[in-house]
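Here's the structure we're looking at; comments come further down.
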Amino acid sequence: MLSSKKIKIAKYGYIVASILICVLGISLIVVPQFSISLLSIIGGTLLIFFGAVKIIGYISKDLYRLAFQHDLAFGILLIALGAILILKTNTVLQFICVLLGIFVLADALLKVQISIDSKNFGIRQWWMILTAAIITGIVGFLLIFRPSESVRAVMILLGITLLSEGILNLITVFTVVKIYRENSIIEIEDYEDL
């Protein structure tokens, strides 16, 4: 029962964090002149929250152990990045683009592996994870090299990156995180017969 509660906390925490990441991404796309210091505080707090959720996900025992398999290291990394963003607001834009781009690219690559593992488990929507991971990886790669030095363009690209990362996380959590209770699986309708 305790394991089921941890999975629920992790799943719903992922959903909330992913939605907040999408909202922040949309905000940066719509309002690219967003305050850098406010972005640092909001982004740092969000990264710390998401890092904690990832760690909870890792220690939970989800049914197939797909979505949370790499989340201990990523959770710790996100908490560290969040703290750095909050504490180092003066050099944040260049710093955040490179580090967030590397993180998003790495997360996208790991989600490619999750999509392949999902296919092997018989999850029909594995291709959705793969497609979202490829798109997110490309956007993360672009963020690292920032094809424009315009602050406005960089903020929009940062917003697109956050939006695609949030969508990738939502697709992953809705596709592969299944909660079970006393030897019965909830939400089993998404799976093919193995």
Side-chain angles (χ1 to χ4, degrees), residues 6 9-60 67-111 114 132-133 135-170 172-173 177:
K6 285 181 191 173
I9 290 169
K11 181 173 184 172
Y12 297 124
Y14 252 70
I15 292 168
V16 168
S18 297
I19 290 170
L20 291 174
I21 289 170
C22 288
V23 168
L24 183 57
I26 291 168
S27 299
L28 292 175
I29 294 167
V30 173
V31 186
Q33 61 274 17
F34 203 86
S35 164
I36 304 269
S37 58
L38 185 59
L39 174 62
S40 296
I41 294 167
I42 293 171
T45 304
L46 186 55
L47 289 177
I48 290 170
F49 171 70
F50 200 29
V53 169
K54 282 183 168 286
I55 292 170
I56 292 168
Y58 179 80
I59 61 174
S60 72
F68 306 130
Q69 63 183 321
H70 307 288
D71 282 0
L72 178 62
F74 270 111
I76 294 168
L77 177 63
L78 283 178
I79 291 170
L81 288 176
I84 291 168
L85 279 179
I86 292 170
L87 298 173
K88 298 290 279 183
T89 58
N90 52 351
T91 57
V92 77
L93 188 58
Q94 184 175 10
F95 173 77
I96 193 171
C97 288
V98 173
L99 286 183
L100 190 61
I102 291 170
F103 171 78
V104 167
L105 181 59
D107 190 44
L109 292 172
L110 291 172
K111 293 290 192 325
I114 289 171
I135 293 168
T136 302
I138 292 168
V139 176
F141 183 79
L142 288 174
L143 186 63
I144 295 168
F145 293 103
R146 294 183 319 277
S148 172
E149 289 304 315
S150 160
V151 173
R152 178 181 173 83
V154 170
M155 292 295 268
I156 291 171
L157 182 58
L158 180 59
I160 292 169
T161 304
L162 290 172
L163 181 60
S164 64
E165 176 70 14
I167 291 169
L168 173 60
N169 286 321
L170 285 170
T172 303
V173 79
V177 177

Spacing of CG belonging to Asn169 relative to CD1 belonging to Ile19, to within rounding of 0.5 Å: 11.5 Å

Stepwise side chain to side chain contact (heavy atoms under 4.5 Å, CB included) check, Phe141 with Ile138: CA-CA 5 Å; Phe141 183 79; Ile138 292 168; 5.6 Å; no

Which residues share a side-chain hydrogen bond (donor to acceptor under 3.5 Å, both in side chains) with Ser150, sequence neighbours left out: none

Listed once per pair and sorted, the side chain to side chain donor-acceptor pair (under 3.5 Å) pairs that draw on residues 96-110, sequence neighbours left out: Asp107-Lys111

Spatial distance of atom OG (Ser37) from atom CD1 (Ile86) [nearest 0.5 Å]: 12.5 Å

Set of side-chain contact (heavy atoms from CB on, under 4.5 Å) partners for Val53, sequence neighbours left out: Tyr14, Phe49, Phe50

Closest non-hydrogen atom pair between Lys54 and Gly75, with its separation: CB-CA, 3.9 Å

Contact check, side chains of Leu20 and Leu24, non-hydrogen atoms, under 4.5 Å: no

For Ala10 against Gly57, the heavy-atom pair lying closest together: CB-CA, 3.4 Å

Side chain to side chain donor-acceptor pair (under 3.5 Å) pairs, two or more places apart, involving residues 21-32: none

Student check: side-chain heavy atoms of Val139 and Leu143 closer than 4.5 Å: no

Taking every non-hydrogen atom, the tightest pair across Leu105 and Gly137: CD1-O, 3.4 Å

Pairing residues for Leu72 by the side-chain contact (heavy atoms from CB on, under 4.5 Å) criterion, not counting sequence neighbours: Ile55, Tyr58, Ile76

Ser40 side, atom OG; Leu47 side, atom CG - distance, nearest 0.5 Å: 10.5 Å

Nearest-0.5 Å distance that lies between atom OG1 in Thr136 and atom CG in Leu162: 10.5 Å

Flag side-chain contact, heavy atom, 4.5 Å: Val154 against Cys97: yes

Over all atoms of both residues, closest heavy-atom pair of Leu28 and Gly159: CB-CA, 3.7 Å

Gap separating the CG atom of Leu99 from the CG atom of Leu78, nearest 0.5 angstrom: 11.0 Å

Heavy-atom check, side chain of Ile135 versus side chain of Ile167, under 4.5 Å: no

Closest approach of Ala133 to Ala108 (non-hydrogen atoms, all atoms of both residues): O-CB, 3.2 Å

Point-to-point distance, once rounded to the nearest 0.5 Å, from CD1 of Ile36 to CG of Leu85: 11.0 Å

Side chain to side chain, Leu158 and Leu39, heavy atoms closer than 4.5 Å: yes

Contacts of Phe34 that satisfy ring-ring contact (aromatic ring centres under 6.0 Å, His included) - sequence neighbours left out: none

